[in-house]
2 protein chains.
Amino acid sequence: MDRDRPTLRLQDVAEAAGVSIATASRSLSRSTGVSEEVAERVRDVARQMGYIANVHARSLAGGASRSVGLLVHEIGDPYFTEIASGVLHVGAKEGLTVQICHTGRDPQQELEQIRTLIANRVGAIIVAGSGFVDPAHQAAAKADLASYRRFGGRVAVIGRHHLSADAVLPDNRGGGRAVAQHLLDLGHRRIALVSGMRSLTTVADRLAGIEDAVTAAGIPFADLPLVEAPFTRLGGKQAAEEILAAHPDVTAVLALNDDMAIGVLSVLRDRGMAVPERMSVTGFDDVAVAGDLAPSLTTVHLPMVDMGEQALLMALKEPSARPRRRTAECHLVVRDSTAVPPA
Amino acid sequence: MDRDRPTLRLQDVAEAAGVSIATASRSLSRSTGVSEEVAERVRDVARQMGYIANVHARSLAGGASRSVGLLVHEIGDPYFTEIASGVLHVGAKEGLTVQICHTGRDPQQELEQIRTLIANRVGAIIVAGSGFVDPAHQAAAKADLASYRRFGGRVAVIGRHHLSADAVLPDNRGGGRAVAQHLLDLGHRRIALVSGMRSLTTVADRLAGIEDAVTAAGIPFADLPLVEAPFTRLGGKQAAEEILAAHPDVTAVLALNDDMAIGVLSVLRDRGMAVPERMSVTGFDDVAVAGDLAPSLTTVHLPMVDMGEQALLMALKEPSARPRRRTAECHLVVRDSTAVPPA
DNA sequence: ACAGTAACCGAAAGCGCTTACGAAAGCGCT
DNA sequence: AGCGCTTTCGTAAGCGCTTTCGGTTACTGT
């Protein structure tokens, strides 16, 4: 975009077609108030000249913007990849461009990216990766988003319920219950938990579900070895090392997401511990590769693509005064990484 | 963005700070021509009011836009995911917003998305997934991009050299040569090729490299069983079925991308054919999961994140009259899916 | 033939910003 | 004091579009 090298303007098209700018504009947008023949001619001329309207001018003058924003920690993370895929699908179908922003798990950057999206006057902001832990950033973001909403912007959050916005939430508690129950049913009693940071509501909810199940089975939740580590593959590795060292008697490792489970699997493979014969391992999320691992991973399926789609659709629908919640069902997917504990 | 619910304007800030709009503008952008005290005051007021400038108005008036576009087939495809990651990283660092568009492998949609990006007057367009097969679409895209460039837009293509634009290209031929050589070195002679559509230059180049190697080893390239299928996991499965049925003597399957290789592996697992003991399998790309599969996949590593970064950086640098090329080095990564052929 | 109506189109006013340009004020110098 | 220079700031002219408003025209019914 250079000022000095001008692009084709609507005026150029209008002149070439022998009509006024107003008529040209009407012909190219909602062609009402223009005779069909004129509109047709203008469109022909525009096409021949290769005219492409300027979105900036259009939204300045017109109002509504044709784009939405998506906030993720890191697009390479499979969890966010799938959400982005859902959002992009809906976006393409609705003729919206999607601006994706990396927060890099940095609250400061997250705040900046939110501001950037607001500056772009996007029609909706989907917050998929939200890492606000400290009240200061959270409050700032909330304030920005509030004023954004005041002038008509829509906000939807995926995976957390905060920022007083519409939210799409996986049934983390139900999923946690299901996967724990699965291990209990197989006969496991010494189950180690490989957890992300408990300050994340996602983690807290999943743990709550696990607690439901084990408590019902008569096992005190506090008895289960639990290691908190970053929600990443490396975190899973570290946690696995720690658990194997401190608790040689565990027969199953329940990881709170697939990434960590993959880390656990790699440690077990390095140590020559057979999965699932010696040790059962479960994940959470059911990322695309979970079924391709060997052994394929027993995990809780989250409909992430769906969640992305739902979030955008929810945001685009008529706004409601109070934040809406939509729960995404999770279900257990039993694959090859779990079995009865060794005798 | 609603017209009737107005957002804070620069004028509001100016009034609150007791200065003119011009001064307010200067204070908030490149603060030249304003005394530091005034600029400071304006910035304070703006911050307190929660003012966020309107990008549309800004780029209409000013010229340069702070955003770039990225075209991919499907963000969920790991190849594109990593490229997108690279582009987003550079974008975040440079303060650019990135608009990602899905083409869904549909030439028509690809064309539309290019137009959308031009309409958004993005500063650069990175074409990662380009599926132009028919001359008509290709010509149309070329025309649009040409006029886009004429007014200062930058274009960079990843993985193909066409559209007369800057390009970042993996050394597909070298990679093909390397992986074929690896199998030859292990002693394989009956090597089946699981190929994407040969009309793709990527495929053609990789095949050329393979031909180089096998020809040098004294094997007529045409003797190798070759199945063309979609460049997807499913395509890999289909191709594998076909090959196993028609060529039971094959000892190695060389797939032209990892996705197809994963499909091949799953077919082999279903049939109980041990990899690599009974059959060696190789991929191409080295997507993130390649190392996590079991057996982990021997493949050709492409620096995809790098390529995304390079493409954007190249586009942002001063343009050159003639299209530049940058070659991304590939290298073979030997893992557990290849071994000497069965005796 | 004429008022009344509907359909079509053009002139012009903005949308919120940047940036010439010019005015005013402060400075050192003769 | 008067001159030119620099610094600082305000006025106003757009950027390319949409949309209101009013003017023309063509068409109807009487």
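The sequence lines fix the lettering, A, B, ..., with proteins before strands; numbering per chain opens at 1.
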Whether B:Arg115 side chain and A:Ile52 backbone form a donor-acceptor pair below 3.5 Å | no
Report yes if at least one side-chain N or O of B:Ser25 is closer than 4.0 Å to OP1 or OP2 of C:dT19; otherwise report no.
-> no
Spacing between A:Leu60 atom CG and D:dC15 atom P, to the nearest angstrom = 14 Å
Could you verify whether a donor N or O on one side chain and an acceptor N or O on the other, from A:Gln99 and B:Ser67, lie under 3.5 Å apart?
-> no
Between B:His56 and A:His56, how do the two ring planes meet: parallel, tilted or perpendicular, split at 30° and 60°?
-> tilted
Does NZ or CZ of A:Arg121 lie under 6.0 Å from the centre of the six-membered ring of A:Phe151, at an angle within 45° of the ring axis?
-> yes
Any sub-3.5 Å donor-acceptor pair from A:Tyr148's side-chain atoms to A:Ala124's backbone N or O?
-> yes
Which letters describe nucleotides 6-11 of chain C, given B = protein heavy atom under 4.0 Å from base, S = only from sugar-phosphate, - = neither?
-> --SBBB
Atom CG of A:Leu28 and atom C1' of D:dC17: how far apart are they, to the nearest Å?
-> 11 Å
Between D:dG16 atom P and B:Asn120 atom CG, what is the distance in whole Å?
-> 16 Å
Answer with yes or no whether the side chains of A:Glu110 and A:His137 bring together a donor and an acceptor at under 3.5 Å.
-> no
For the ring pair A:His89 and B:His102, is the centre-to-centre distance below 6.0 Å?
-> yes
Whole angstrom is fine here: how far is it from CZ in A:Arg9 over to P in D:dC17?
-> 8 Å
Short side-chain to backbone donor-acceptor contact, A:Thr81 and A:Asp77, under 3.5 Å | yes
C:dC17 C1' sits how many Å from B:Asn54 CG, rounded?
-> 8 Å
Quick one: B:Leu10 CG to D:dG10 C1', roughly how many Å, whole number?
-> 13 Å
Which listed nucleotide (C:dC17, C:dC15, D:dC17) is nearest to the side chain of B:Ala57?
-> C:dC17
For A:Tyr51 and D:dC17, is the shortest distance between a side-chain N/O and OP1 or OP2 below 4.0 Å?
-> yes
Within the pair A:Ser29 and D:dC17, is there a side-chain N or O less than 4.0 Å away from OP1 or OP2?
-> no
Take the protein atom CZ of B:Phe151 and the nucleotide atom P of D:dG16, then report the distance between them rounded to whole Å.
-> 11 Å
May I have the distance from A:Arg58 (atom CZ) to D:dT19 (atom C1'), rounded to whole angstrom?
-> 13 Å
side-chain hydrogen bond (donor to acceptor under 3.5 Å, both in side chains) partner of B:Asp166, chosen from B:Arg154, B:Lys317, B:Gln310, B:Arg324 = B:Arg324
Note down the inter-axis angle between the two ends of the helix from C:dA1-D:dT30 to C:dT30-D:dA1, five pairs each, to the nearest 10°.
-> 40°
